[in-house]
Amino acid sequence: MRLSRYFLPVLKETPAEAQIVSHRLMLRAGMIKQASAGIYSWLPLGFKVLKRIEQIVHEEQERAGHIPMLMPTLQSADLWRESGRYDDYGEEMLRIKDRHDRDMLYGPTNEELITDIFRSYVRSYKDLPLTLYHIQWKFRDERRPRFGVMRGREFYMKDGYNFDLSKDDALHAYNRHLVSYLRSYERMGLQAIPMRADGGPIGGDYTHEFLVLAETGESEVFYDSAVTDLTFGDRDIDYDNVEQCAGVLEEFTSKYARTDETHDETVWADVPEDRQRVARGIEVGQIFYFGTKYSEAMGATVQDADGNQVPVHMGSHGIGVSRLLGAIIEANHDDNGIIWPEGVTPFHCGIVNLKQGDEAADAACEGLYDQLTKAGLEPLYDDRNERAGGKFATMDLIGLPWRITVGPRGLKNGVVELTNRRTGESEELAPEAAVAKVVAIYAGV
RNA sequence: CGGGGCGUGGCGCAGUCUGGUAGCGCACCUGUUUUGGGUACAGGGGGUCGUAGGUUCGAAUCCUGCCGCCCCGACCA
């Protein structure tokens, strides 16, 4: 993309409404615009990152054998009356009437819809196990939305639902989700720690939430420092292997890691003192096993091998896709702006032309743009007739992990400059060598 | 929902207390200049001062209602 043709309304000054760094940077970098309290338009740059995150989630869910679909945002109240949650959910649920005065709602979650789909078609244990998921906009009418996309009213979320014949099978699904979530977060450049959680309004005995450590996190967290040493790396995971998935869960959840909601001082005291850590965290996902709560209430049963009608065991599993943008920025920024992890960056590499109109500089930039594009990458070429300082400031603000700087002075010696946004380290390279290096970096992402 | 605050060109703010017909910085447009980390100068465009009503010769300014947004708390992905 050429910046002169793109739509990137960056702000030099921070709008007064933004308090936390991710919100400020998203506004300044021209990623979002508030439409009303807790509701945002996603401008091109923000939309691009949102889609990258969504894509990672899709890939990892499908790798785990979970099946994508799409359910509507607006739902009929009838199903929610059946489960009992129409009355239980409270003011957070946005209730709407249609022209026929029928009660509708903007879905805050989808257990009722998915259970209705399941019971409409599935009759036999032979159709199990089954895990369906979708990524869709949700709405929770927060009393006080804040922190930009981290606590909006409208938010984009992946929610998945497993249907299994037995509790053991459902727990395998639970473990599978934990593994796929760990993989997803790691690809986004985040370390998200699974922590024992409360069931909340969705309910459930087995539940973990995934927290990203950040000073601005909404929850206080207590953990054994050993958990932050765990990485997922290049593990070869067989999602059908029950023992292997259970082993990962054991490995990642056996050490103490809890939010203030479930914190237990007596257990905490057993953690070696030099490994006790108290910090803040941002919740970016949660997994639940809740057994037959919805299947019994809504008659989602299958016939088992013995001919009995049995309610299916279910779980639901969510990743806050839009919230992740905020979490990633909270964990990856400096005074100059955002620093995108390579896995989610909106553009792979920036190209800064220091002297637009200079024949050699223009030609070199076009060459770089061409080569990077042909290598399957998306460069962002700042071809505006701006001063160098302004171009650098924009690049730093929007946070592309790599930048190639091209100017007449360097070109006289046959070099351009490749700069790492995170470390600030630069090296002078021949243009082809700079391209080769960037291509190699992304080949490993 | 309790408590607090704010609505003035696109953004950040001053002006409100003490009423006299709207100003500054950034951004934007034009020209000159400059060009390796947000050049300098000159000229220019853009605002029913959130909204409705009231008081007054006169309201951004005083009074009342309403709307919107932000912060703290409680609550939550």
Side-chain angles (χ1 to χ4, degrees), chain A residues 9-20 23-24 27-28 30 33-39 89-93 107-110 136-159 181 192 197-202 207-212 217-219 259-261 281-288 316-327 335-337 352-358 361 382 384-397 403 405-413 415-417 419 424 426 428:
Chain A
V10 300
L11 304 174
K12 219 171 191 175
E13 288 172 282
T14 303
E17 78 249 25
Q19 299 300 314
I20 64 164
H23 190 195
R24 285 201 292 260
L27 290 169
R28 285 196 53 212
K33 181 183 190 305
Q34 180 166 313
S36 67
I39 301 177
Y89 219 95
E91 297 282 313
E92 278 202 352
M93 181 148 72
T109 178
N110 291 68
Q136 177 63 289
W137 293 96
K138 313 280 194 295
F139 196 93
R140 291 182 194 169
D141 198 0
E142 297 283 343
R143 279 177 187 155
R144 182 152 92 90
R146 57 184 134 171
F147 306 149
V149 300
M150 290 220 297
R151 182 139 175 226
R153 292 194 292 173
E154 188 181 50
F155 57 100
Y156 202 45
M157 180 176 166
K158 173 262 165 181
D159 48 321
Y181 280 24
D198 259 351
I202 293 171
T207 176
H208 284 88
E209 43 188 28
F210 294 78
L211 284 108
V212 173
E218 72 270 52
S219 317
T259 66
D260 46 12
E261 289 171 336
I282 300 166
E283 191 193 330
V284 292
Q286 188 159 6
I287 54 178
F288 297 90
S316 74
H317 316 278
I319 291 184
V321 174
S322 50
R323 156 175 277 218
L324 269 164
L325 273 90
D335 289 346
N336 295 323
V352 169
N353 187 343
L354 292 174
K355 191 160 188 178
Q356 208 69 41
D358 178 90
D382 191 344
R384 298 171 305 161
N385 191 21
E386 294 288 330
R387 296 174 57 82
K391 291 189 178 187
F392 288 135
T394 298
M395 282 293 174
D396 287 350
L397 175 62
R403 183 187 81 208
T405 309
V406 180
R409 203 178 291 171
L411 287 174
K412 276 183 190 145
N413 301 317
V415 296
V416 296
E417 191 181 64
T419 305
S426 289
E428 295 197 327

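In the text below, chain A, chain B and the rest are named by the order of the sequence lines, each starting its count at 1. Hydrogens, waters and symmetry mates play no part in the numbers below; they use all other heavy atoms, side chains included.
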Original post:
Nucleotide by nucleotide, 5' to 3', does protein get under 4.0 Å of the base (B), only the sugar-phosphate (S), or neither (-) in nucleotides 1-12 of chain B, counting heavy atoms?
Top reply: ----------BS
Base, sugar-phosphate, or nothing for [X], non-hydrogen atoms under 4.0 angstrom?
X: Gly152(A); answer: base
X: Gly410(A); answer: base
X: Pro408(A); answer: base
X: Gly390(A); answer: base
X: Lys12(A); answer: base
X: Gly407(A); answer: base

Now, which nucleotide makes the Watson-Crick or G-U wobble pair with [N], with each of the two distances under 3.5 Å?
N: C1(B); value: G73(B)
N: A22(B); value: none
N: C66(B); value: G50(B)

Among all residues two or more places apart in sequence or in another chain, which pass the salt bridge (Lys or Arg N to Asp or Glu O under 4.0 Å) test with [X]?
X: Asp141(A); result: Arg153(A)
X: Arg384(A); result: Asp382(A)
X: Glu417(A); result: none

I need the [atom1]-[atom2] distance between [X] and [N], as an integer number of Å.
X: Arg153(A); N: C75(B); atom1: CZ; atom2: C1'; result: 15 Å
X: Glu218(A); N: C72(B); atom1: CD; atom2: P; result: 13 Å
X: Glu386(A); N: C29(B); atom1: CD; atom2: P; result: 9 Å

Original post:
How close do Leu27(A) and Ala18(A) get, heavy atom to heavy atom, and via which atoms?
Top reply: CD1-CB, 3.7 Å
[atom1]-based separation of [M] from [N] [nearest Å]:
N: U16(B); M: U34(B); atom1: P; answer: 44 Å
N: C63(B); M: U56(B); atom1: C1'; answer: 12 Å
N: G54(B); M: A60(B); atom1: P; answer: 15 Å
N: G44(B); M: C49(B); atom1: P; answer: 25 Å
N: U21(B); M: G10(B); atom1: P; answer: 24 Å
N: C13(B); M: C67(B); atom1: P; answer: 25 Å
N: C70(B); M: C11(B); atom1: P; answer: 14 Å
N: U35(B); M: G20(B); atom1: C1'; answer: 49 Å

**OP:** Output yes when Glu218(A) and Arg151(A) qualify as a salt bridge under the 4.0 Å nitrogen-oxygen rule, no when they do not.
**Re:** no
Is the phosphate of [N], meaning OP1 or OP2, less than 4.0 Å from a side-chain N or O of [X]?
X: Gln34(A); N: C70(B); value: yes
X: Arg146(A); N: C72(B); value: yes
X: Arg387(A); N: U39(B); value: yes

Original post:
For the side chain of Arg140(A) and the base of C75(B), is some donor closer than 3.5 Å to an acceptor across the two?
Top reply: no
**OP:** Looking only at side-chain atoms of Thr394(A), point me to the closest of C75(B), G38(B), G36(B).
**Re:** G38(B)
Subject >> Nearest listed nucleotide, side chain of Ala388(A), among G36(B), C75(B), G38(B) >> reply: G36(B)
**OP:** List in chain and number order the residues that pass ring pair (Phe, Tyr, Trp, His ring centres under 6.0 Å) with Phe392(A), two or more places apart in sequence or in another chain; answer none if no residue qualifies.
**Re:** none
Original post:
ring pair (Phe, Tyr, Trp, His ring centres under 6.0 Å) with Tyr181(A): which residues, sequence neighbours excluded?
Top reply: Phe210(A)
Subject >> Neighbour count >12 (heavy atoms, 6.0 Å) for atom CD, Glu91(A) >> reply: no
Original post:
Does Arg140(A) use its side chain to pair, donor to acceptor, with the backbone of Glu154(A) at less than 3.5 Å?
Top reply: no
